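Worth saying up front: this structure is predicted, and the values here are computed from it rather than measured.
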Amino acid sequence: MIKKLYLPLVALLVLTFSSCKKMGELSADYFTTNPEVLEAVGGKVPVTITGKFPEKYFKKNAVVEVTPVLRWEGGEAKGQPATFQGEKVQGNDQTIMYKAGGTYTMKVSFNYVPEMAKSELYLDFKIKSGKKTYTIPSVKIADGVIATSELPTVNSANAALAPDAFQRVIKQAKEAQIMFLIQQANLRASELKSAELKDFHKQVVTVAGDSKNYKLNNIEISAYASPDGGVELNSTLANNRQNNTAKYMNQQLKKGKINTNVDTEYTAQDWDGFQELVSKSNIQDKELILRVLSMYTDAEQREAEIKNISSVYKTLADEILPQLRRARLTANYDVIGRSDEEINEAFDTDAKALSIDEILYAATLTDDQARQKAIYNKAIELYPADYRAYNNLGMMAYAEGDQATAEKYFKQAASKQSDAAEANTNLGLIELAKGNVANAETYLSKSTGANTADEALGNLYIKQGQYDRAVTAFGDTKSNSAALAQILAKDYNKAKNTLNSVKNPDAYTDYLMAIVGARTNNANLVKSSMQKVAQKDATLAAKAQNDREFAKYANEIK
């Protein structure tokens, strides 16, 4: 009897002891991360954690909360926890079987801060079993954070220049028309005395007589006949109008002792001019006439169909057709601007004599930055409403690393013209340098047309973690940022070539080259590049000591 009572009691005690036993510490071998070493991407530190609860580990009545925590000296960041439950727990969390165990996946993203450069990822466990709550030791599962994407290469980006519109040679044309009566080609005295033709001759004389400021290229004569009448008749008529006008023009040139070519052509039936005049008119059945022109290409059929529209033909004959019986004279000439020497001399003696574009152009004639700044300041003094000089002073300040001054000028430029592509591009760079990606995106949406818009967009895409897109945006740009994008897209050969082609390499150029060396297992390249970094920027060289990129190259970065 005693024996029969003893055995069930022992079993009960074993069961009670077993159920009260706490879940023990987990080995790091049960966890993997992707990536193995955490990396900052687009201002975040994303990681996918795959974990396993081993067989006969997870208590049937337990609830386990697993929290990813990224820890560094003096701080930590917690990720979204995940909760798991034993097979006897009633709830909606993932169930882990006692005998079989179970695997799980957690996707976590931390907001990147620079202190994370030397950090470690842990999993914290909080367990609730019945009325008891306890923790087990945290498990380290990964190192972090590779922060190459956060390197401030945007600081050495090329800000956009607001260009001048100066042209030394500007193509110009002066026009006049001589009108003819129906089926006539003679030049009427009233037409030859018109104010329009007098202005034309006056301009030709002015251009021909001032070889310093002008060059007369030629005079074109285009004679026309209206579409009414047969092709044969109109061809003869238009040809005669051409010849008579050319004879008259040559006489005028000879009288003025002006030597230039007179080029002639004629159009027998001016259907293009007819269509243009009709489309601009308010005549009745305009759309019907235009539809006829689109339906028929044969000249005689067009004319017949239009004449059939009797309600408007008289209006056409009175208002439209007379305007097509003409000869157009065009004097083509060049306006020749000041030479480089004349612009420099004028700036030094009397800058007021120069246009805004001539002053801005003067800044391109020197490499002396002090003179360039003086030129832009004079442009602001004389033409304060023009945004370009403000922008270009900001561009110079940005290149010098003075972002506060650069931002002041860029904002002044934008206040003069809010849609100025260059000012918006450059304000986008300022926001990227501050880490304000959303603000930068707003500015860069208005950057189309700026000379460095694509480069600025490349920097934006780096900050957004869109590395392939960044590489495409940079194109053949040879800059630190372009090389950074290529490194992040894992095109190390291209990155190396880009870095070797940077016009004015700085410490970050060499630092990026050292990263290329580390990622391609080239210890010599790491060492030689970091020696250059140390010579140019001791602070940046010291940063390498905690950079996970160089975890395997402690000797090379000393």
Side-chain angles (χ1 to χ4, degrees), residues 160-178 194-222 245 249-250 252-253 256-265 276 327-367 371-372 374-376 378-392 395 413 416-417 419-423 448-453:
L161 170 75
D164 62 86
F166 173 72
Q167 291 179 269
R168 175 150 295 114
V169 177
I170 301 174
K171 298 290 183 183
Q172 295 281 17
K174 178 70 174 178
E175 290 189 357
Q177 292 200 112
I178 297 175
S194 71
E196 181 182 16
L197 195 58
K198 286 181 180 179
D199 286 343
F200 176 84
H201 287 308
K202 182 179 180 181
Q203 185 66 19
V204 170
V205 170
T206 299
V207 169
D210 186 354
S211 59
K212 179 180 179 181
N213 297 309
Y214 299 101
K215 177 187 176 185
L216 182 60
N217 295 318
N218 74 330
I219 293 176
E220 296 177 359
I221 294 174
S222 301
T245 305
M249 193 67 239
N250 280 313
Q252 297 300 310
L253 293 173
K257 297 181 180 180
I258 298 170
N259 183 28
T260 192
N261 291 333
V262 177
D263 300 317
T264 63
E265 65 174 3
E276 181 181 356
R328 185 178 68 239
L329 293 81
T330 306
N332 296 303
Y333 61 95
D334 297 336
V335 178
I336 302 172
R338 291 180 173 90
S339 67
D340 292 356
E341 294 76 13
E342 289 172 330
I343 288 176
N344 273 325
E345 182 181 355
F347 179 80
D348 292 332
T349 58
D350 184 15
K352 293 179 182 178
L354 298 174
S355 69
I356 178 61
D357 286 299
E358 287 175 318
I359 294 178
L360 294 174
Y361 175 72
T364 70
L365 301 178
T366 178
D367 292 327
R371 181 171 174 80
Q372 287 176 340
I375 290 171
Y376 289 136
K378 178 60 72 171
I380 289 173
E381 176 189 332
L382 297 177
Y383 300 96
D386 195 293
Y387 78 93
R388 290 174 291 177
Y390 299 97
N391 178 85
N392 294 351
M395 177 198 69
K416 305 299 177 182
Q417 185 171 322
D419 63 347
E422 298 84 7
T448 303
N451 64 317
T452 61

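- Taking each heavy atom of E196 and Q177 in turn, the nearest pair found is OE2-N, 3.4 Å.
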For the pair K171 and N217, evaluate side chain to side chain contact (heavy atoms under 4.5 Å, CB included) and give the outcome as yes or no after the intermediate values.
-> CA-CA 10 Å; K171 298 290 183 183; N217 295 318; 4.0 Å; yes
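- When all heavy atoms of G449 and A421 are compared, the pair lying nearest together is C-CB, 4.3 Å.
- Here the CD atom belonging to E422 is positioned 7.0 Å from the CG atom belonging to N451, to the nearest 0.5 angstrom.
- Note that CD of E345 and CG of L354 are 10.5 Å apart. Values are rounded to the nearest 0.5 Å.
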CA sep, side-chain torsions, deciding dist, call: D419, Q417, side chain to side chain contact (heavy atoms under 4.5 Å, CB included) = CA-CA 6 Å; D419 63 347; Q417 185 171 322; 3.0 Å; yes
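- At a threshold of 4.5 Å between non-hydrogen side-chain atoms, the residues Y214 and V335 count as touching.
- With R328 contributing its side chain and A176 its backbone, the two residues share no donor-acceptor pair below 3.5 Å.
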With side chain to side chain contact (heavy atoms under 4.5 Å, CB included) as the test, would you mind laying out the steps for F166 and I343 before giving the verdict?
-> CA-CA 11 Å; F166 173 72; I343 288 176; 3.7 Å; yes
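- Expressed to the nearest 0.5 Å, how far CZ of F347 lies from CG of L365 amounts to 11.0 Å.
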Side chain to side chain contact (heavy atoms under 4.5 Å, CB included) between Q252 and I258, intermediate numbers included | CA-CA 8 Å; Q252 297 300 310; I258 298 170; over 6 Å; no
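- Judged purely by atom type and a 3.5 angstrom limit, N218 has no side-chain atom pairing as donor or acceptor with the backbone of N261.
- How far CG of N344 is from CD1 of I375: 7.0 Å, rounded to the nearest 0.5 Å.
- For the pair N332 (side chain) and E220 (backbone), a donor-acceptor distance under 3.5 Å is absent.
- Between K215 atom NZ and N213 atom CG the span is 14.5 Å, to the nearest 0.5 Å.
- A389 and I380 get closest at one heavy-atom pair: CB-CG1, 3.6 Å.
- Remark: side-chain polar atoms of N392 are paired, donor with acceptor, to backbone N or O of A162 under 3.5 angstrom.
- Under the salt bridge (Lys or Arg N to Asp or Glu O under 4.0 Å) criterion, D367 pairs with no residue, sequence neighbours left out.
- Partners of L382 by side-chain contact (heavy atoms from CB on, under 4.5 Å), not counting sequence neighbours, listed by chain and number: A351, K352, I359, K378.
- Distance check, rounded to the nearest 0.5 Å: OG of S222 to CD of E175 gives 8.5 Å.
- Checking side-chain atoms of Y390 against main-chain N and O of P384 turns up a donor-acceptor pair under 3.5 Å.
- For N250, there are no side chain to side chain donor-acceptor pair (under 3.5 Å) partners, not counting sequence neighbours.
- Under the salt bridge (Lys or Arg N to Asp or Glu O under 4.0 Å) criterion, K257 pairs with no residue at all, not counting sequence neighbours.
- Partner Y333 forms a side-chain contact (heavy atoms from CB on, under 4.5 Å) with one of V204, L216, I170 and no other, that one being L216.
- A donor-acceptor distance shorter than 3.5 angstrom exists from the side chain of D386 to the backbone of R388, with no hydrogens or angles considered.
- Across A379 and I356, no two heavy atoms sit closer than the pair CB-CD1, 3.8 Å.
- For T264, the side-chain contact (heavy atoms from CB on, under 4.5 Å) test picks out I221, Q242, A246, V262, with sequence neighbours left out.
- Every residue two or more places apart in sequence or in another chain was checked for a salt bridge (Lys or Arg N to Asp or Glu O under 4.0 Å) with K174, and none qualifies.
- No side-chain heavy atom of V207 sits under 4.5 Å from any side-chain heavy atom of Q172.
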